[in-house]
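The next block holds one structure in the form of structure tokens; read it before the comments.
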Amino acid sequence: MAHLFIITGHGAGDPGACANGFSEAERVRALAMRIKALGGEQVTLGDFNRDYYADNGISSLDIPDDWQITELHMDSAAEGAKGGHVIIKAGFTPDQYDNALASFIGGILPGRSNLIVGRDDLANPNRAAARGYSYRLVEVGFITNIGDLTIFNDQMDDIARGILEVFGIKSNVEPPKPKTPLWYRAHVSGKGWMDAVNGGIAGTVGQNRALEAIKIDMRKLDFKIKARAHIQNIGLKDFGYIKHDTVIGTTGKGLHLEAIELIAEGLKGKKLQTRVHIQDIGWTRWTSGMIGTIGMNKKIEAIEIRFV
């Protein structure tokens, strides 16, 4: 069993890549905290307040030679790019940890043709090699890809456990009970119906595309949802108790959603909350009531629904 030393990319004022309402620096630190919580004493976290690239932190590290350094990042590119991969120093042969990590990350975040890439133009792999440390950088999917980001957010503990297993570290916390499925999908201007997400972000952010409608799959839910929405040029429309095929909004008319309300009935011990990403405004707060704008001609671009 190895000892894992986690470095988180960017920080110290550098947010890294930003997309879909999240920053790379914040997300990889959230993942690192889960790795530590699940891995316990076999995991050491680097200083979250530092940018180990900018301040040449690896060159001054004082850790045992047999510790395994793993640096966490998220990739950024065009919307269609997706998948995770591992980066090592060019000319080095991947070791057992590099190979296992690449196999795992490529399985949970598929899309890259090369799961291990040797690079000679990155500072930290070169610095680690100069110090004799075992090092790899893992790109945990693309923050610019909604699918990758949803997997990252919804399966963060699965990713953390998978990374720990690569290094032979057993999780010290029992897996959580499966959460209530909450599948929904968005109809987006210029794209149509997008893939369903389970409690993640439906729609787009930063593409100036309107959310025109959503559908919530009610077939595996043991409670009811009443929906209302304020629609461009139509106004407030009551959809009543929705079914799995109820279209909340419109399609084929080029009309955007401006506000939405989802009221759960019969949901025991939890609340249903919604937040939306609004044109020129950004993400709203979480609420159980009507959310969005009315009378401002601002389109909703994305929506996220959760239980609390």
If we ignore hydrogens and angles and just use 3.5 Å, is the side chain of Arg34 paired with the main-chain N or O of Ala160 as donor and acceptor? no
Keeping the roles fixed (side chain from Glu24, backbone from Ala17), state whether a donor-acceptor pair exists under 3.5 Å. yes
Basic-acidic side-chain contact under 4.0 Å: Lys82, Asp148: no
Determine yes or no for a side-chain-to-main-chain donor-acceptor pair under 3.5 angstrom, with Arg29 supplying the side chain and Phe48 the backbone. yes
Does either side chain, that of Glu71 or that of Tyr135, offer a donor lying less than 3.5 Å from an acceptor on the other one? yes
How many angstroms lie between CG in Asp217 and CG in Leu182, if you round to the nearest 0.5 Å? 9.5 Å
Should Thr70 and Leu4 be marked as a side chain to side chain contact (heavy atoms under 4.5 Å, CB included) after you check the CA-CA gap, both sets of side-chain angles, and the distance that decides it? CA-CA 7 Å; Thr70 298; Leu4 188 57; 3.4 Å; yes
Checking side chain to side chain contact (heavy atoms under 4.5 Å, CB included) for the pair Glu139/Leu109: CA distance, chi angles, key distance, verdict? CA-CA 10 Å; Glu139 297 278 11; Leu109 287 159; over 6 Å; no
Taking side chain to side chain contact (heavy atoms under 4.5 Å, CB included) as the criterion, tell me which of Val247, Ile242, Ile260 meets it with Ile214. Ile260
Between Lys220 and Trp183, is NZ or CZ placed under 6.0 angstrom from the six-membered ring centre and within 45° of the ring axis? no
Using atom types as modelled, flag every donor-acceptor pair under 3.5 Å from a side chain in residues 295-303 to any protein atom, sequence neighbours excluded.
residue	atom	partner	partner atom	Å
Lys298	NZ	Asp280	OD2	2.9
Lys299	NZ	Asn208	OD1	2.9
Glu301	OE1	His277	ND1	3.1

Exercise: identify the closest heavy-atom pair between Ala25 and Gly11: CB-N, 4.0 Å
Ignoring hydrogens and geometry, is there a side-chain-to-backbone donor-acceptor pair from Thr144 to Ser76 under 3.5 Å? no
Residues passing the salt bridge (Lys or Arg N to Asp or Glu O under 4.0 Å) test with Asp14, sequence neighbours excluded, are none
Rounding to 0.5 Å, atoms CD1 (Ile263) and CE (Met290) come to a distance of 8.5 Å
Checking Gln68 against Ser134 for the side chain to side chain donor-acceptor pair (under 3.5 Å) test, could you report, in this order, the C-alpha distance in whole Å, the side-chain angles of both residues, the deciding distance, and whether it holds? CA-CA 5 Å; Gln68 299 295 320; Ser134 178; 2.5 Å; yes
Once ring pair (Phe, Tyr, Trp, His ring centres under 6.0 Å) is applied, do any residues pair with Tyr184, and if so which ones, sequence neighbours excluded? none
Test salt bridge (Lys or Arg N to Asp or Glu O under 4.0 Å) applied to Lys191 - qualifying residues, sequence neighbours left out: Glu79
Which heavy-atom pair separates Leu164 from Ser171 by the least distance, and what is that distance? CD1-OG, 4.2 Å
Set out, in order, the CA-CA distance, both residues' side-chain angles and the distance that settles side chain to side chain donor-acceptor pair (under 3.5 Å) for Gln232 and His256, then state yes or no. CA-CA 6 Å; Gln232 177 191 13; His256 58 253; 3.0 Å; yes
Could you tell me which non-hydrogen atom of Val140 sits nearest to which non-hydrogen atom of Met74, and how far apart they are? O-CE, 3.6 Å
When Met218, Arg219, Lys224 are each screened for side chain to side chain contact (heavy atoms under 4.5 Å, CB included) with Leu221, the one that passes is Met218
Which residues pass the salt bridge (Lys or Arg N to Asp or Glu O under 4.0 Å) test with Arg131, sequence neighbours left out? none
Quick note, side chain to side chain donor-acceptor pair (under 3.5 Å) partners involving residues 236-253, not counting sequence neighbours, are Tyr241-Glu265
Do Val197 and Ile151 belong to the same hydrophobic cluster, where Ile, Leu, Val, Met, Phe, Trp and Tyr are linked whenever their side-chain heavy atoms lie under 4.5 Å apart, directly or via other members? no
Minimum heavy-atom distance between Ile169 and Gly39, given as atom pair plus value: CG2-O, 3.9 Å
If Ile, Leu, Val, Met, Phe, Trp and Tyr residues are connected whenever their side-chain heavy atoms lie under 4.5 Å apart, and connections chain through other members, are Ile35 and Ile159 in the same group? yes
Quick one: side-chain contact (heavy atoms from CB on, under 4.5 Å) partners of Leu267, sequence neighbours excluded? Phe223, Ala264, Lys270, Leu272, Phe307
For Phe5 and Leu61, which heavy atoms make the closest approach, and how far apart are they? CZ-CD2, 3.8 Å
Are the side chains of Ile278 and Val276 in contact, using a 4.5 Å heavy-atom criterion? yes
Output yes when a side-chain donor or acceptor of Asn20 lies under 3.5 Å from a complementary backbone atom of Ile143, and no otherwise. yes
Quick one: pull up CD in Glu26 and CZ in Phe22 and give me the separation to the nearest 0.5 Å. 7.0 Å
Using a 3.5 Å distance criterion without hydrogens, assess whether the side chain of Arg275 forms a donor-acceptor pair with backbone atoms of Ile291. no
Checking Ser288 now: which residues fulfil side-chain contact (heavy atoms from CB on, under 4.5 Å) with it, not counting sequence neighbours? Lys271, Gln273
According to a hydrophobic-cluster definition based on side-chain heavy atoms being under 4.5 Å apart (Ile, Leu, Val, Met, Phe, Trp, Tyr only), do Ile58 and Ile87 belong together? yes
With clusters defined by side-chain heavy atoms of hydrophobic residues (ILVMFWY) lying less than 4.5 Å apart, directly or transitively, does Val138 cluster with Leu38? yes
Sub-3.5 Å donor-acceptor pair from the side chain of Asn56 to the main-chain atoms of Tyr52, do we have one? no
Any salt bridge (charged side-chain N to carboxylate O under 4.0 Å, His left out) pairs touching residues 86-108, not counting sequence neighbours? Asp95-Arg136, Asp98-Arg136
Residue pair Ile88, Ile116: steps toward the side chain to side chain contact (heavy atoms under 4.5 Å, CB included) verdict: CA-CA 7 Å; Ile88 62 174; Ile116 301 180; 4.1 Å; yes
Under a 4.5 Å cut-off applied to non-hydrogen side-chain atoms, are Leu45 and Ile7 in contact? no
Salt bridge (Lys or Arg N to Asp or Glu O under 4.0 Å) filter on Arg112, not counting sequence neighbours, yields Asp75
Going hydrophobic residue to hydrophobic residue with side-chain gaps under 4.5 angstrom, can you get from Ile108 over to Val86? yes
At their closest point, which heavy atom of Ala229 faces which heavy atom of Phe239, and how far apart are they? CB-CE1, 3.9 Å
Measure the spacing between CD of Glu258 and CD1 of Ile234 and express it to the nearest 0.5 Å. 10.0 Å
Roughly how far, to the nearest 0.5 Å, is CD1 of Ile305 from CD1 of Ile201? 12.0 Å
Mind jotting down which residue pairs meet the salt bridge (charged side-chain N to carboxylate O under 4.0 Å, His left out) criterion with at least one end in residues 36-55? Sequence neighbours excluded, please. Arg50-Asp55
Tell me whether Asp195 at atom CG has more than 12 heavy atoms from other residues, nucleotides or ligands lying less than 6.0 Å away. no
Distance-only, no hydrogens or angles: does the Thr150 side chain make a donor-acceptor pair with backbone N or O of Ile146 under 3.5 Å? yes
Under the ring pair (Phe, Tyr, Trp, His ring centres under 6.0 Å) rule, what pairs show up with a residue in residues 66-124, not counting sequence neighbours? His3-Trp67, His10-His73, Tyr97-Phe167
Once rounded to the nearest 0.5 Å, what's the spacing between atom CE of Met1 and atom NZ of Lys170? 9.0 Å
